[in-house]
Amino acid sequence: MTDDLKKNLSEIQAQWLTVRGRIRQKIGDAQFASWIKMLTLEDYEDRKVILSAPSNFIRTRIIEQYLDIIKSYWLVQNLTINDIQIIVSKKVKNLAVEIKTNETEKFKEQNNKDVFRSISSDLDSRFTFGNFIVGKPNELAFAAARRVAESKDVPFNPLFLYGGVGLGKTHLMHAIAHEIKKRNPLRRVIYMSAEKFMYHFIKALRFKNTVAFKEQFRNVDVLMIDDVQFISGKDSTQEEFFHTFNALIDQNKQLIISADKSPQDLEGIEERMRSRLGWGLVADIHPLTYELRLGILQAKEEKLSSRISSNILEFLAHKITTNVRELEGALNRLSAFSSLVGREINLDMVQDLLKDLLKSSQKKVNIEEIQKKVSQHFNIKMSDMSSARRSRTIARPRQVAMYLSKNLTSRSLPEIGRRFGNRDHTTVIHAVRKVEELRNKDASFDEDVQLLIRMLES
Ligand code: ADP
Ligand code: MG
């Protein structure tokens with residue numbers, strides 16, 4: 001977090017370049033050249049970005065027309081931004097010099113940290129049991145983690161947690177560490193990623209002090225290694241890990257391992273290691289259900305400073321099915337945007353702000369499904385989608401279905417025409433135009449169409 005706060009000017013400048021690029025795509029070269037291009041990144045301080053415009057006229061115009069989109073695009077790059085201000089430029093700062101000094105300082109700081117850092121990685125203070133929402137998919141893993149954290153002895157060894165990315169493995173491991181330390185600050189807990197384990201091991205090999213390396217681990221009470229799938233294939237590290245692992249288990253020290261797959265399915269890992277990893281308790285975290293996604297969103301929303309309505313939370317729970325990290329990312333983006341522009345978020349804004357996230361989880365729709373949903377919605381018979389009847393109550397829904405087929409599937413116009421009772425492709429073109437026109441004119445019609453799109457895509 002402190003690194004985020006101190007995000008230096010060079011990073012901010014890189015973000016500004018990306019933001020400019022995206023705006024240019026959105027508004028076109030001409031508009032871009034007259035307005036956005038005039039802006040210069042002036043400063044960054046206290047999470048506030050300051051841009052300068054060459055004149056007051058340009059400044060006012062940009063604030064009126066483009067400030068919102070600058071903000072929303074910038075938030076996609078960097079959620080920690082608090083404000084973006086546009087001033088009229090007064091002086092030309094030498095950014096290059098500033099960036100250089102910042103970089104050197106950062107480098108020094110990093111070096112110092114490396115020297116003094118203990119072998120265990122930092123724990124995220126938000127990753128506690130209290131902040132973990134439990135549902136069917138993760139209840140076993142949660143119960144096992146609690147059990148390990150609360151026991152004085154070693155209930156099962158190792159505890160092996162596995163599941164896809166962003167489902168809470170790291171969260172649970174940190175929660176175990178917090179709980180153990182709370183109960184007994186003297187217990188020595190080491191948490192580290194498998195990658196870091198490897199890094200230290202290889203370094204120890206190079207400096208020929210593997211004995212000291214091993215000692216570090218032999219003195220711990222609880223050792224947690226996150227993401228062991230990254231150890232696979234690296235022979236000597238695997239060997240060392242295996243020895244350290246066996247030694248600790250023999251001494252009755254608690255081991256907690258996580259991976260993206262079960263021990264049996266881990267690739268590139270030696271058989272004896274694979275089987276030993278499965279000796280204790282193996283607990284998997286299943287993909288999230290809709291209920292759990294919604295529960296997580298509701299819990300996280302309560303902690304935000306800006307309110308997000310429950311229908312938007314439901315929408316997100318429907319659309320973002322991959323993992324908790326993406327759900328959180330979406331929520332943070334919406335909340336940051338809402339507090340930045342001082343307005344409540346509506347569904348349109350959600351769709352715009354989360355375009356990238358929504359696209360990846362969007363479902364493919366086919367013409368038949370469209371015809372079915374549209375007929376249900378307008379209460380007509382499915383067969384009327386291809387019938388010759390032309391009364392408005394039938395023809396309008398049919399046009400909507402053609403319009404949706406054009407926009408939501410990759411079918412060609414003639415193909416769409418064929419599927420609607422062998423109609424000509426010009427009929428489809430006419431339907432698409434008609435629906436576009438009505439959407440612009442008639443708000444309640446437009447809402448109908450939006451609703452249909454949402455239903456079809458979720
Ligand atoms: P993994 O290690 O499995 O890839 P993480 O533990 O890093 O996943 O989780 C990703 C993000 O989702 C974290 O911010 C974490 O706090 C959050 N998260 C995951 N599962 C839950 C849950 N059940 N309740 C609340 N937050 C969760
Ligand atoms: Mg993780």
Side-chain angles (χ1 to χ4, degrees), residues 1 3-4 79-80 120-149 158-179 189-199 223-232 255-263 265-266 277 281-304 308 313 316-317 319-336 354 357 360-361:
M1 204 60 192
D3 280 349
D4 276 348
L79 273 175
T80 65
S120 181
S121 298
D122 292 341
L123 298 173
D124 190 317
S125 60
R126 294 163 307 172
F127 290 2
T128 59
F129 285 128
N131 285 339
F132 193 82
I133 310 299
V134 188
K136 267 256 163 321
N138 59 22
E139 64 188 359
L140 173 64
F142 178 78
R146 280 216 82 112
R147 181 72 192 285
V148 165
L159 167 60
F160 190 99
L161 297 170
Y162 77 92
V165 286
L167 296 182
K169 301 181 296 293
T170 299
H171 187 133
L172 281 178
M173 290 176 115
H174 287 205
I176 295 173
H178 289 309
E179 187 65 31
V189 181
I190 289 185
Y191 162 86
M192 68 203 299
S193 66
E195 271 175 320
K196 191 170 166 186
F197 179 90
M198 256 159 47
Y199 167 79
L223 173 63
M224 306 191 200
I225 306 278
D226 205 352
D227 289 321
V228 290
Q229 71 272 13
F230 291 125
I231 283 189
S232 61
L255 263 110
I256 303 164
I257 309 286
S258 89
D260 64 348
K261 297 191 190 69
S262 73
D265 293 334
L266 276 177
L277 284 172
L281 181 78
V282 178
D284 58 341
I285 306 184
H286 296 276
L288 305 168
T289 56
Y290 172 77
E291 286 72 27
L292 184 55
R293 294 198 296 272
L294 187 59
I296 290 172
L297 285 168
Q298 285 165 341
K300 305 230 177 230
E301 194 270 345
E302 280 169 27
K303 299 214 169 79
L304 297 172
I308 295 188
L313 297 184
L316 295 181
K319 295 289 259 189
I320 301 177
T321 53
T322 42
N323 63 49
V324 187
R325 197 169 295 144
E326 290 209 339
L327 285 173
E328 272 184 337
L331 203 56
N332 288 341
R333 217 188 274 176
L334 297 183
S335 149
L354 304 181
L357 285 177
S360 66
S361 49

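Numbering of ligands and ligand atoms starts at 1, following listing order. Here the structure is a predicted model, which means the values were calculated and not measured. Atom set for the values below is all heavy atoms of this structure, side chains included, hydrogens, waters and symmetry mates excluded.
- With a cut-off of 2.8 Å, the Mg ion (ligand 2) has no N, O or S atom of S258 in range.
- At least one N or O atom of L167, backbone or side chain, sits closer than 3.5 Å to an N or O atom of ligand 1.
- The shortest N/O to N/O separation between G168 and ligand 1 falls below 3.5 Å.
- Using a 4.5 Å cut-off on side-chain heavy atoms (C-beta onward), L292 and V324 make no contact.
- In terms of modelled atom types and a separation under 3.5 Å, the side chain of R293 and the main chain of L288 share a donor-acceptor contact.
- Listed by number with element, the atoms of ligand 1 under 4.0 Å from a non-hydrogen atom of N138 are 23 (N).
- Of all protein heavy atoms, the one closest to atom 12 (O) of ligand 1 is V324 CG1, 3.1 Å.
- Protein heavy atom in closest approach to atom 21 (C) of ligand 1: F132 CE1, 3.7 Å.
- Panel note: side chain K169, backbone I257; no donor-acceptor pair is recorded below 3.5 Å.
- Between I296 and ligand 1, not a single N/O pair is under 3.5 Å apart.
- One N or O on the side chain of H178 and one on the backbone of D124 form a donor-acceptor pair closer than 3.5 Å.
- Taken from CE in M173 to CE in M192, the straight-line distance is 11.5 Å, to the nearest 0.5 Å.
- Remark: the K196 side chain and the S121 side chain contain an N/O donor-acceptor pair separated by less than 3.5 Å.
- The six-membered or imidazole ring of Y191 lies near that of H174, with a centre-to-centre distance under 6.0 Å.
- Put simply, the side chain of I133 does not reach to within 4.5 Å of the side chain of K300, judged on heavy atoms.
- The proximity of L172 to ligand 1, defined as any non-hydrogen pair under 4.0 Å, does not occur for either the backbone or the side chain.
- Residue contacts with ligand 1 do not include H174, since none of its heavy atoms lies under 4.0 Å from the ligand.
- Within the 3.5 Å criterion, the main-chain N or O of G329 finds no donor-acceptor partner in the side chain of N332.
- One option in K169, R126, K300, E139 has a heavy atom closer to atom 26 (N) of ligand 1 than any other, and that option is K300.
- Closest heavy-atom approach to atom 13 (C) of ligand 1 among the candidates R325, E328, E326, R293: E328.
- Evaluated by nearest non-hydrogen atom to atom 4 (O) of ligand 1, the leading choice among G166, P137, S193 is G166.
- At the top of the distance list for atom 16 (O) of ligand 1, counting protein heavy atoms only, stands H171 ND1, 2.6 Å.
- In this structure a side-chain-to-backbone donor-acceptor pair under 3.5 Å is missing from E179 to A149.
- Near V165, the atoms of ligand 1 lying under 4.0 angstrom from a non-hydrogen atom of the residue are 4 (O).
- Put simply, the side chain of S258 gets close to the backbone of D227: a donor and an acceptor are under 3.5 Å apart.
- Ligand-side atoms of ligand 1 in range of F127: 13 (C), 14 (O), 15 (C), 16 (O), range being under 4.0 angstrom from any heavy atom.
- Among all non-hydrogen protein atoms, the one lying nearest atom 23 (N) of ligand 1 is I133 O, 2.8 Å.
- For atom 25 (C) of ligand 1, the closest non-hydrogen atom on the protein side is N131 O, 3.3 Å.
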